[in-house]
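Below: one structure, written as structure tokens.
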Amino acid sequence: MITFLGSSPYNAPAIYSLIAHAEFNLGIWYPEGGLISVSNGLAKLAEDCGAVIKLNSEVLKINCKDSKAVSVTTNKEIIPADAIIANSEYSFTEMNLLDEQHRTYDKNYWEKKTYSPSSLLFYVGLNKKLKTVIHHNLYLDEESDWEGHFDSLYKNKRWPENPMFYLSVTSYSDKTVAPKENENLVFLIPIAPGIEDTPEVREHYFNNLIDRFEKINGESIRDHIVVKHSYAINDFVRDYGAFKGNSFGMAHTLFQTANFRPDIRSKKVKNFFLYRLHDTTGNRYTAFYCICRSSC
Ligand SMILES: Cc1cc2nc3c(=O)[nH]c(=O)nc-3n(C[C@H](O)[C@H](O)[C@H](O)COP(=O)(O)OP(=O)(O)OC[C@H]3O[C@@H](n4cnc5c(N)ncnc54)[C@H](O)[C@@H]3O)c2cc1C
């Protein structure tokens, strides 16, 4: 529930148990090469249809005239537009890319919302194969403090003492994501957005994860690490403009579900649309792909 909805199971609306039904009873598909393969497929389809994709360009401003969006200023050029869809984080787009008179919501609005957790992620490459893992591994072991961890995420925001964690081993299912006889791991600890993120804290939790993995799984990995890269709050802010470094947008509480979420269409600028994790569609890839499908 945490990563799927950004909500605590203590107050997530029951309707979201549909997600568990879809995933456990209807099954999950995995694209070879990881989710980037789907993005690459969509990009190719768009280009085949005549779209021009400009990468490595930072959008600095959405320019509006008479309540209409007219162009986009990037760090390289100004691109005129008939309509604009922004996929940077909703709150970031409104507060940083639009002039004040064109914003539907103010800073106060965003401050009052309940946000999904952020994540402390470790991308780890091993030069050995593991015998005790599968593709998805959840660690809700006796050392993890279930209630304390949720309290640290939503009520008394702090680093958790004994966190639950998730381990994804995509190389378990996909030979293309790691060299032969190597393993590709991603560890994830949900953490509260907005707390202090330092290299020392990250290292503390990395050691905690490795110790617990080795104890629970009975396999040594520390001496087999050939790649290690961390990603957390500061990175979500830098790369996504994510509010307080959250990972999954606004939490799906009852009053932040469906029509209670911000509208995908700007109320102030006629031909301007905002999408990413906060809007009525909700977060997750599925929302994005459904939008792609319904727009085709
Ligand atoms: C750790 C983690 C695990 C997840 N697990 C799942 C899962 O299991 N299942 C699931 O369905 N969903 C999952 N999600 C959610 C899923 O990743 C998102 O819902 C999805 O990626 C959103 O897609 P998007 O295209 O809207 O936004 P994004 O993929 O975030 O793309 C937005 C893009 O905009 C770019 N950008 C931002 N600002 C600017 C700017 N000013 N100028 C130019 N470009 C800019 C960013 O660099 C980024 O490339 C997970 C998310 C995280 C972080």
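In what follows, every heavy atom counts, from backbone to side chain, and hydrogens, waters and symmetry copies are set aside. We count ligands from 1, going down the list as the structure has it; atoms in each ligand are counted the same way.
Residues Y105 and D263 have side chains that never bring a donor and an acceptor to within less than 3.5 angstrom of each other. Counting only N and O atoms by type, the side chains of N217 and R212 include no donor and acceptor under 3.5 Å apart. Residues N63 and T73 have side chains that bring a donor and an acceptor to within less than 3.5 angstrom of each other.
With rounding to the nearest 0.5 Å, the separation of NZ in K228 from CG in L126 is 12.5 Å.
Taking every non-hydrogen atom of F236 and a distance limit under 4.0 Å, the qualifying atoms of ligand 1 come out as 53 (C). Those atoms of ligand 1 with a heavy atom of S88 less than 4.0 angstrom away are 37 (C), 38 (N), 39 (C). Heavy-atom proximity to D239, at under 4.0 Å, picks out these atoms of ligand 1: 37 (C), 46 (C), 47 (O).
The cationic atom of K270 (NZ for Lys, CZ for Arg) does not lie both less than 6.0 Å from the six-membered ring centre of F272 and within 45° of the ring axis. K155 forms no cation-pi arrangement with F150, by the criterion of a distance under 6.0 Å to the ring centre and an angle within 45° of the ring axis.
Comparing heavy-atom distances from atom 52 (C) of ligand 1 across F92, F248, Y231 singles out F248 as nearest.
Between N87 and ligand 1, a contact under 3.5 Å exists for at least one N or O pair. The distance criterion of under 3.5 Å between nitrogen or oxygen atoms is met by V59 with respect to ligand 1.
Contacts between L188 and ligand 1, counted as non-hydrogen atom pairs separated by less than 4.0 Å, involve the side chain only.
For the pair G249 and ligand 1, no heavy-atom separation below 4.0 Å is found.
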